[in-house]
Structure formats: C-alpha cells, structure tokens
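Report on the structure given below.
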Amino acid sequence: MTRRTSPLFVAAGLVTVLALTGCGQAGQGTTTGEDGRTQLTMWTHSAGNAAELEVYERIISDYNASQDEYEVVHESFPQGAYNDAIVAAAASGDLPCLLDLDGPIMPNWAWAQYLQPLGISSEITDSLLPTAVGKWDGEIYSAGYWDAALSIFARKSVLEGNGIRIPSTDQPWTKDEFDSALATLKDAGYDTPIDIGAEDTGEWWPYAYSPLLQSFGGDLIDRDTMLSADGSLNGDAAVAWGTWFQELFDKGYASNAGTVGNQEFVDDEVALSYTGVWNALASVEAIGDDLLILPPPDFGNGPKIGGGSWQWAISSSCNDAEGARDYLEFSFNDEYITEFADKQIVIPATEAAAQASKYFGDDGVLRPFVELSQKYAVLRPETPAYAVISTTFETAAKNIMSGADVKSTLDQAVTDIDANIASNDGYGFQ
Amino acid sequence: MTVTPPTVAAETPRRALHRLRTSRGRQAWAGWGMIAPAAILLLLFLVIPVILAFTLSFTNARLISPNPPRFVGVDNFIRAFTADPVFVQSIGNTALFALVVVPVQAGLGLALAVLVNRRLRGTTFFRVVFFIPVVTSIVVVSILWKFLYREDGLVNSMIDAVTFGLWSGTDWLNDPSTALGAIIVMSIWQAVGFHMIIWLSGLQTIPEELYEAARMDGASPWRQFTNVTWPGLRPTMVFVLVTITIAALGLFVQIDVMTQGGPQGATSTIVFHAVRKGYEQQEIGYAAAISLIFFVAVLIIALIQRRLTREKD
C-alpha cells in the first residue's frame with residue numbers, strides 16, 4: 001500500500017467498523033456454552049439488591065449443577081433502567097429467554113407479543129397466591145415467588161396514649177375514625193401524623209394510592225370493559241377520594257418532604273406510616289413489641305391493598321422455551337421461595353413456604369401481612385393500557401396533592417386515558 | 001452464489017485503480033475519505049432520526065404495539081394544540097424559561113468574566129469556584145438543589161436567619177407559583193460559569209493597546225467597556241446567545257430530576273413532555289409530532305437571532 005492511497009483505506013476501515021458496531025448487537029439467539037450445553041439467557045431487575053441476587057445466584061448455580069442440557073446465564077440491571085432495557089431489547093429483537101417484570105406491565109408486553117404463555121406446570125401456578133400469577137387474555141404469562149403488601153404501621157403506646165382505637169382485620173378504621181385519629185395525633189404534637197411516602201415517584205403512586213381510591217368506590221378504569229376510565233376515575237367516589245387526599249396535605253396530616261423509606265416512623269417523627277412489608281423487619285427490630293401492623297382504613301368499600309409484584313416470564317423470541325420452563329419449574333421450590341421471603345422481607349407466594357419462613361409462619365412477626373394480602377389485595381387493571389393509566393394517575397394525583405381542582409384534574413386524566421385507548425383500537429378489548 | 005463473469009470482475013477494479021492513479025482522482029478520493037467519518041455519523045445520528053421523526057409524526061406509531069402504525073395526517077399536531085393543555089402549558093414554560101435565562105445568564109456570565117479578568121491575586125481561585133458547577137453533573141446538582149429547596153431546606157433556613165424569622169420561605173418546588181422560578185435560579189447558577197469562560201476567552205482576544213489608547217484619551221472604565229470591550233466581544237456575544245438559547249429551549253434534566261413537570265404542569269417543558277409522551281406513555285407518533293414542532297420553533301428562533309445579530313456593514 002502506498003502512502004497516498006491510505007486515506008481511502010482508513011475511510012473504508014471506518015465504514016466497516018461503524019457498520020459492525022451498528023449491527024453487533026443483533027441475534028442473541030441460542031448459543032452453546034463451552035461444554036456443549038444450551039445457554040438460557042436471563043435478565044433480572046435486581047442489580048443493587050444484594051439479598052435478592054444472592055438467592056437468584058444460588059438457584060442458578062443449583063440448577064446449572066443439576067443439568068447437562070441447559071445452562072442459565074444471568075445479567076442484572078438496576079431497577080430504574082430495567083423496563084427501558086427490555087423495551088429497547090424487544091425493539092431490536094434481543095430479548096433474553098427469561099425475564100422478570102413488574103406485575104402490572106405484563107399485559108402490555110404480552111399484548112405487544114414480547115412474551116409467550118408461561119406454560120409451566122399448573123400444579124405450581126395453582127399453589128401460588130392469586131396475585132402472584134399474571135393472566136392476560138385467559139392465559140398465564142407470568143408467575144412470581146412473592147407478593148408485597150402495604151399496611152399502616154403504628155406504635156401501640158402512641159395509639160393507646162391518645163385514646164385511639166386499635167383496629168383489627170375484622171374491624172378496620174372507618175374513614176371518620178381515621179380522620180379523627182389523624183387530627184388527634186396532630187394535636188398530640190406530630191408535625192405530620194402520617195407518612196404516606198408522597199416524596200416517592202413513579203409506580204409507587206398508583207401502587208399505594210389507587211387502592212385508597214378503590215376503597216372509596218372508584219377505580220382507575222372501568223374493569224368490565226377496560227375501554228374507558230369515565231365514571232371510574234372521575235365519578236363521585238373518585239372526587240371524594242381526591243378531596244380527601246388533597247385535605248391530607250392541606251390540613252398538614254401528611255407531607256411530601258422527607259426521605260423515601262420508613263425512617264421518619266422509626267425515629268418517631270410521624271405516628272403512622274403507610275408503607276410496605278419490605279420495611280417491616282427493620283421496624284420490628286427498632287420498635288419491638290410496641291409495633292402494630294394495621295390494615296388500611298375502610299373508606300366505604302372495605303380496605304384495599306395493591307397486589308402484584310415482580311414475576312417471571314418467557315420471551316416470545318426464546319428458542320428454548322422448554323429449557324426456560326424447566327428452569328422456572330425448578331426454581332419454584334418452596335425452599336427458594338422461603339429464602340426470598342426471609343432475605344428480602346416479602347410475602348412468600350405459597351403457603352408451604354410461608355410456614356417454613358422465619359417471619360411469615362403462623363407465629364411469625366410478619367404474619368399479618370399474609371392475611372392482609374389474602375383478604376384485601378386488588379390487582380392493578382390487567383390491560384395493556386396500564387402504562388398510560390399509571391403515569392396519568394401519578395400526574396393527576398400529584399396535581400391534586402399540590403392543590404389543583406379535583407374534579408377537573410380527574411376529568412383531564414380520564415380524557416388522556418380514553419384518548420390513548422381509542423388511538424390503540426381498544427388494546428384488543430372491543 | 002453464482003460466479004460473476006470474469007471480464008466484468010477484472011475490468012471494474014482496473015478502472016478504479018486507474019482513476020486512483022491520476023492525481024485529481026487521488027485528491028477526490030482522499031477528500032471523500034476524510035469527509036466519510038463525519039458524514040456517516042451525521043447521517044446515522046442526525047439525518048436519519050430527523051427523517052424518522054418527520055415520518056412518525058404523521059402516524060399513530062407506538063413504542064410497543066402489535067398493531068402496525070397508521071397514517072393519521074395532521075391529527076397529532078391538532079391534538080397538541082387543542083386537546084393537550086399540558087403541551088400548551090409546556091410551550092409557555094419553555095418560552096418563559098428561555099426569556100429569563102438567556103439575558104440573565106449571558107449578562108451575569110459577562111459580569112463574572114469582567115470580574116475575574118482583572119489582574120488581581122487569586123483570580124484563578126474565583127475562576128475555579130465559578131466553574132465548578134459546570135463540571136459537576138447536572139443530575140447531581142439537581143438532586144442537591146432539590147434538598148436545598150425543601151420546606152425545611154437550607155434556602156428557607158437562610159431566609160429565616162437573614163430576615164430574623166420575619167419571612168419564612170415556601171416549599172419552593174411544590175408551589176406552582178414558585179417552582180419554575182426556583183428551577184430558573186438554579187439553572188442560571190449552574191451554567192453561568194461556562195459562559196463566563198467563553199466571555200473570558202473573548203475578553204482576552206481584545207488587544208491591550210486599545211485600552212491603553214482609550215486611557216490616554218481619558219476614557220472612564222465605563223466608556224472603556226462600552227467603546228472597546230463590548231464591540232470587541234461581538235462574535236463572542238453571538239456565540240453565547242445562541243448556545244444559551246438552544247440549551248434553555250432544551251431544558252429537560254432539571255425537570256426530570258426535580259419536579260417531573262409538576263406541580264400542576266408548572267414546570268413541564270416541551271422536551272420533557274415529548275419524552276413523557278413518547279417513552280413513558282409509549283406514544284411515539286405523538287411525541288415525534290411534538291419534537292417536530294420543537295424543531296421548527298428552534299429553527300425559527302435561531303434564524304431570527306442570526307438575523308438580529310448579523311454583521312451590518
């Protein structure tokens with residue numbers, strides 16, 4: 001090569017490099033490991049969650065050791081970036097065989113044909129909590145090892161000291177009782193008597209506050225048709241919820257300052273905390289026998305708790321669905337489910353695993369959560385429109401929190417949701 | 001694969017080689033070769049996305065959907081202006097942000113640059129101090145300021161201390177009347193150092209002799225500034241104005257980290273709204289339409305700016 005022609009070759013080289021990087025990501029199909037086993041790729045959202053990853057690593061190494069046909073290879077993403085990674089991977093045809101997903105997003109992905117019916121033994125799915133099994137269009141597409149539940153944490157001494165009735169699962173607080181309890185606690189010197197976690201953002205908002213709306217008698221969407229939110233999200237019940245929610249902040253009962261998590265309650269800066277099972281053990285350890293795990297108040301239609309947590313699914317592009325099913329069936333072992341529950345402090349999805357658990361068995365300190373979940377759990381609407389419903393509800397609830405007119409805010413939310421459903425030809429519901 | 005006829009195969013490279021050997025041809029090839037990297041990158045990351053956005057904005061394409069996108073004409077544009085109050089609000093917010101940030105940030109940057117351009121001891125120290133927020137990630141800055149702006153945050157503690165408790169601040173980011181203002185203040189503070197450096201480089205291109213002559217003519221420092229410094233800074237000014245305007249119109253990260261467009265849409269911007277619609281709510285077609293509107297708006301503003309700041313001979 002002469003010196004003069006070199007720019008041409010450099011340019012040609014660059015073009016090649018660019019072309020290669022452009023398509024270097026394609027084709028994460030079946031690959032074979034060094035020992036000839038078929039590799040099953042698996043993605044989890046658990047990067048940063050050491051307790052959860054530890055159990056996954058144990059299951060995977062147990063499974064790989066038991067196998068000469070398949071080998072599971074996993075990769076972890078931080079939760080914040082996980083859904084984006086899945087959508088991007090799906091768009092470029094790079095989905096892994098096994099992936100975990102947040103329960104309410106499943107119908108969207110199943111509808112988009114990212115997922116194939118789970119197809120694992122019905123013996124397993126039948127034994128799971130109903131909220132740990134994801135169904136769409138009459139088929140099971142996902143299943144999980146655990147569920148989560150929200151409750152109200154309180155100190156026995158504080159409630160008794162202020163003459164507030166301690167509610168039970170059979171007799172939860174009524175709306176009036178709850179409101180007067182908040183007023184009493186405010187007078188007792190708590191700056192904001194309840195921490196409802198309003199400083200958090202994202203899926204927490206529909207997860208935590210739409211059950212309150214449902215307890216008032218409203219809902220995110222008309223679940224009979226799944227075609228419109230009109231009347232559910234802006235009816236009288238929903239407006240009553242919005243007004244109550246706004247007053248919570250107006251009257252200084254709750255605030256959206258503070259830190260995500262349960263620290264304010266542990267430090268006794270707030271008297272009540274509306275928070276999840278995952279914060280329970282730390283509170284038990286800090287507060288001991290004085291801690292009460294109470295059902296959410298009954299605003300007219302019974303207490304409600306959001307159901308559905310992270311679950312596992314098989315992608316539609318998986319070439320070795322048989323292997324993926326084999327792995328999942330292997331992993332739904334009560335022993336592993338117990339380990340997830342005890343390490344991560346989440347409600348085990350099978351009764352046998354609950355009984356074997358340190359915390360969720362009949363005498364366990366966190367047993368109330370199992371009952372709360374069984375009695376009050378409501379799934380978020382199982383429709384592909386959920387991605388829109390969820391973000392629209394979050395925006396609307398935040399606007400209501402900061403003082404917007406309740407009725408017109410909810411009307412706008414309904415308009416947005418309905419326009420989206422219409423532009424998607426009803427997402428398959430017609 | 002079939003074998004290509006040997007005659008053609010042998011002829012083509014020979015002809016190409018021939019062209020390579022002539023010196024004109026060599027030059028042309030070298031030229032193309034040197035353009036290639038930039039051209040390919042521009043094509044890949046600028047031209048193709050713009051064409052895609054343009055096409056998508058006339059469809060109801062979704063990020064995730066089994067349904068094929070359908071041509072919907074100008075529906076998306078009509079929807080943006082008539083049925084999406086948050087979009088209209090976002091235009092207002094973005095415009096207000098730019099209208100405040102452009103002059104204030106440019107002016108403040110110039111003032112700081114003149115200050116640190118003095119031959120005094122410790123100017124390097126001040127240059128570093130003013131520049132630190134620029135090199136700090138905007139995400140980190142936003143998170144820190146979110147804490148500062150809280151009801152029990154440092155800003156309110158300071159107001160409390162300075163006014164001896166007479167006036168207590170509000171919850172800045174949660175009050176629709178103060179949220180955008182709070183973000184404007186923070187954004188100006190964050191990027192002013194960058195523009196200070198640009199102004200500074202402009203200041204240092206002005207020959208010292210001009211000042212010397214001005215001083216000999218008895219010009220006051222203000223006359224020196226208006227008659228020597230300012231005319232000498234003209235090209236710098238154009239650059240600073242254009243960069244601030246474009247950065248201000250593209251406001252996104254601060255909003256995403258600090259307020260998510262709230263409260264009540266008071267801080268929603270066009271880019272934020274496009275990302276929310278396109279990514280969170282998966283309406284790529286609609287988001288593309290918003291982006292296209294944004295693109296046209298920026299183009300018009302840039303053209304106006306160019307016209308206003310052009311060299312008048």
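Residue numbers begin at 1 in each chain, while the letters A, B, ... track the order of the sequences.
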Could you tell me which portion of [X] (side chain, backbone, both or neither) has an atom closer than 4.5 angstrom to a non-hydrogen atom of chain B?
X: A:Ser255; result: neither
X: A:Asp425; result: side chain
X: A:Ala91; result: neither

Tell me, for [X] versus chain A, whether the close heavy atoms (under 4.5 Å) come from the side chain, the backbone, both or neither.
X: B:Ala266; answer: neither
X: B:Asp171; answer: side chain
X: B:Asn60; answer: side chain
X: B:Arg79; answer: neither
X: B:Tyr279; answer: side chain

Return the minimal non-hydrogen interatomic distance between [X] and [Y], and the atom names on each side.
X: A:Asn420; Y: B:Gln281; result: ND2-O, 4.1 Å
X: B:Ala80; Y: B:Tyr286; result: CA-OH, 3.2 Å
X: B:Gln254; Y: B:Ser187; result: NE2-OG, 3.0 Å

Look at B:Glu151, B:Lys277, B:Gln260 and state which one has the largest set of heavy-atom pairs under 4.5 Å with chain A.
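That would be B:Gln260.
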
Looking only at heavy atoms and a cut-off of under 4.5 Å, which of B:Gly285, B:Gly31, B:Ala83, B:Pro85 has the most pairs with chain A?
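Option with the greatest count: B:Pro85.
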
Student check: side-chain heavy atoms of B:Gln282 and A:Val87 closer than 4.5 Å:
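No, their side chains stay 4.5 Å or more apart.
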
A:Asp230/A:Asn234 under side chain to side chain donor-acceptor pair (under 3.5 Å): CA gap, chis, key distance, verdict:
CA-CA 6 Å; A:Asp230 196 27; A:Asn234 61 352; 3.2 Å; yes

Would the distance check show the side chain of A:Trp205 and the main-chain N or O of A:Ala397 forming a donor-acceptor pair, the cut-off being under 3.5 Å?
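No; zero donor-acceptor contacts below 3.5 Å.
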
Between NE2 of B:His273 and CD1 of B:Ile255, what distance do you get to the nearest 0.5 Å?
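The NE2 atom of B:His273 sits 13.5 Å away from the CD1 atom of B:Ile255.
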
